[in-house]
Amino acid sequence: MNSGRNGARVCSHAQRSNRQNQTHTQARGRFAIRSAVVVCSFMVLAGCSSIKAPVPTDPDALADYKQANDPYEPLNRKIFTVTMKVDKWVLHPVAKAYVWSVPHPVRNAIGNMITTMNEPSVFFNDVGAGKPRLAGDAFVRWCINMSAGLGGLIDVAKMAGYPHHNNDGGITMANWGIASGPYLFLPMGPSSFRDGIGYGIDQGLSPWNYVPRGYGLVSFNWAYNMMGIVHSRSEHLDDLDALQRDALDPYATIRSAYQQQRKAQAEAIKNDHRATVPLWYHVKNRQQG
Amino acid sequence: MKFLPGRRFVLRSASLFMACSLFVAPAWAAQSARDFVNSLGTQLVTIVNSPISLPEKREKVLPLLQKNVDIDAIARYCLGRYWKVATPEEQKEYLQLFHQTLVGAITDKLGDYRGVSFSIGAVTSSGNEDSVETTLVRPQQPPAKMQWIVSRASGSEKVVDVIGEGASLRMTQRQDYASYIARNGGKVSALISALKRQIANHSAAQQ
């Protein structure tokens with residue numbers, strides 16, 4: 001069988017379009033099955049009576065309850081326990097092995113690449129938040145790092161004065177004035193109704209999820225996602241170890257830290273009032289006017 | 001009589017002085033908070049970077065923390081609404097245990113760092129508290145930004161909180177304690193025995 005670049009088979013136009021249609025239908029089918037599973041599992045969980053915590057009557061306890069913003073605490077705690085078990089037996093050892101076997105500069109380069117690959121999603125969110133200067137930063141970072149930075153492995157943009165900033169769908173919605181909604185602990189970590197939806201939007205904004213099937217990039221995408229999980233876990237090895245050792249209730253500590261951090265991240269984006277035009281433009285205009 | 005200043009003059013100058021001091025006071029406070037964090041930070045970094053052994057470092061840091069950190073105020077904040085529920089004996093015991101826990105948590109970190117330096121950024125004031133931004137530079141690690149909250153409520157300047165990556169340490173600790181007490185029958189004694197266990201584990205791990 002003839003093979004073209006990237007493993008794409010050389011075939012006639014008709015064959016290709018036929019296969020493409022097939023792949024699309026398969027993908028749609030898979031998506032439908034997956035969403036059905038998710039919906040069903042939520043329905044099963046909703047059927048359990050113990051997913052919602054009773055609202056306290058004592059005024060002080062009620063104030064605490066409102067501040068924690070966690071009405072689904074019993075369910076969240078169950079997911080938290082399972083996640084922590086998986087982490088203890090799988091993710092933690094893998095991340096430790098990764099740190100042990102991969103030298104620091106290489107890990108750094110992988111971290112840079114993961115950050116750069118996420119830059120398109122940051123860019124779209126900056127645009128959504130109405131922050132042209134930040135969007136420009138993300139755009140320039142993407143262009144410089146993907147070319148001069150050898151596919152994102154070297155953070156050249158940072159050296160050129162364009163450091164990375166965090167932005168995602170949850171933060172954008174926060175800046176639109178959408179409340180976070182109840183806290184959620186998902187298998188991928190702490191979240192909320194708003195941030196969970198934001199995560200879905202970010203997946204849609206990331207160009208890597210639009211790579212057509214049959215190209216070598218799909219396997220790259222898988223490797224990239226798995227690498228991303230292991231790498232980000234490895235960055236928090238010491239923090240999470242210390243937290244599990246020192247906190248009396250790690251669940252509550254993570255919840256509080258997450259909620260505060262998200263608030264601060266949204267504030268950081270909101271408080272970026274840098275002008276889009278350079279300073280000399282204003283000075284010149286003032287002189288003329 | 002002519003040479004004596006009139007009442008109007010005295011009043012005017014007094015009000016002018018007060019108005020000036022109103023404007024000057026926050027700036028002066030911000031400057032002093034900056035100097036305070038700068039001096040405390042320099043002393044800490046000098047101890048951390050010095051080539052002495054870890055127990056010696058701990059010994060040197062201890063009086064520095066006790067003098068410059070308002071541990072009692074942090075302890076009361078962390079207990080939140082349960083401070084009022086606790087009996088005087090429990091309050092006393094809790095304060096003592098909290099001192100040990102906090103100092104232990106800070107001195108634990110001493111061995112991790114070597115060759116660190118720090119720089120001070122913006123200072124913002126709100127009420128009786130100033131927030132001083134600092135950046136800690138550690139070798140082989142990304143720089144860590146944190147804000148030191150300095151309060152003058154106790155008469156002199158003291159650190160009452162540290163904010164790292166947007167999360168306030170005392171707030172996070174308060175939620176941790178509140179949740180633990182609430183899940184253990186709302187009793188402060190449960191927290192006290194948990195803190196005792198933690199300190200025992202901690203000293204066992206050090207030996």
Side-chain angles (χ1 to χ4, degrees), chain A residues 53 56 58-65 67-70 73-74 76-77 80 99 103-105 107-108 111-112 115 155 158 163-164 166 171 183 190 235-236 238-239 241-269 271, chain B residues 78-85 97-98 101-102 104-106 108-109 112-113 122 124 131 138-147 161 163-184 186 190-199 201-202 204-205:
Chain A
D58 176 60
D60 284 336
L62 187 67
D64 274 1
Y65 174 86
Q67 194 186 14
N69 189 17
D70 190 8
E73 189 174 337
N76 284 339
R77 274 194 192 266
F80 177 78
V99 171
H104 188 257
R107 270 184 283 140
N108 220 2
N112 286 340
T115 313
D155 197 347
K158 193 180 172 187
H164 169 74
N166 282 320
I171 297 177
Y183 175 77
E235 282 184 324
H236 298 289
D238 292 345
D239 307 350
D241 284 354
L243 190 138
Q244 278 169 337
R245 192 183 57 232
D246 296 338
L248 297 179
D249 187 353
Y251 172 83
T253 307
I254 290 178
R255 178 178 66 198
S256 171
Y258 175 78
Q259 288 170 336
Q260 292 180 60
Q261 203 179 19
R262 292 298 287 177
K263 222 172 164 184
Q265 282 174 340
E267 284 290 306
I269 297 285
N271 292 334
Chain B
C78 288
L79 200 53
R81 67 186 172 101
Y82 293 105
W83 178 258
K84 282 183 275 178
V85 181
L97 290 169
F98 189 85
T101 316
L102 186 70
I106 296 173
D108 258 6
K109 300 255 176 215
D112 300 353
Y113 304 121
T124 45
S131 151
R138 302 161 293 177
Q140 297 266 320
Q141 277 182 63
K145 270 195 178 168
M146 40 186 176
Q147 287 159 281
D161 195 9
I163 299 176
E165 296 200 27
S168 138
L169 278 188
R170 64 174 171 180
M171 170 65 101
T172 314
Q173 192 70 67
R174 181 179 168 135
Q175 304 275 347
D176 182 35
Y177 286 177
S179 179
Y180 187 82
I181 296 174
R183 289 171 68 79
N184 283 280
L191 175 72
I192 287 177
S193 43
L195 285 177
K196 274 184 189 159
R197 268 201 309 277
Q198 210 177 29
I199 291 166
N201 287 343
H202 188 253

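Chain letters run A, B, ... following the sequence lines, proteins first and then strands; every chain starts at 1. Being a predicted model, the structure only gives us computed values, none of them experimental.
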Taken to the nearest 0.5 Å, the spacing of A/R77 CZ from B/S179 OG works out to 4.5 Å
Using non-hydrogen atoms only, which part of B/E165 is less than 4.5 Å away from chain A: side chain, backbone, both, or neither?
both
If I compare all heavy atoms of B/R81 with all of A/A61, which pair ends up nearest, and what's the gap?
NH2-CA, 3.5 Å
Please flag which part of A/N166 lies under 4.5 Å from any non-hydrogen atom of chain B: side chain, backbone, both or neither.
neither
How long is the gap from OH on B/Y82 to CG on A/D60, to the nearest 0.5 Å?
8.5 Å
What closest approach, in Å, do B/G166 and A/A264 show between heavy atoms, and which atom pair accounts for it?
CA-CB, 3.5 Å
For B/R174, which atoms come within 4.5 Å of any heavy atom of chain A: side chain, backbone, both, or neither?
neither
Calculate, to the nearest 0.5 Å, the distance between atoms CG and CG belonging to A/D246 and B/N201 respectively.
10.5 Å
Give, as side chain, backbone, both or neither, the part of A/Q67 having an atom under 4.5 angstrom from any heavy atom of chain B.
side chain
Determine whether a donor-acceptor pair (N or O, by modelled atom type, separation under 3.5 Å) exists between the side chain of B/Q175 and the backbone of A/A68.
no
May I have the step-by-step check of side chain to side chain contact (heavy atoms under 4.5 Å, CB included) for A/Q259 and B/M171, ending in yes or no?
CA-CA 11 Å; A/Q259 288 170 336; B/M171 170 65 101; over 6 Å; no
Atom group of A/E267 that falls short of 4.5 Å from chain B, counting heavy atoms:
neither
Chain A heavy atoms under 4.5 Å from B/S168: which part of the residue, side chain, backbone, both or neither?
both
Locate the shortest heavy-atom distance separating A/L248 from B/D176; write the atom from each residue and the value.
N-OD2, 3.0 Å
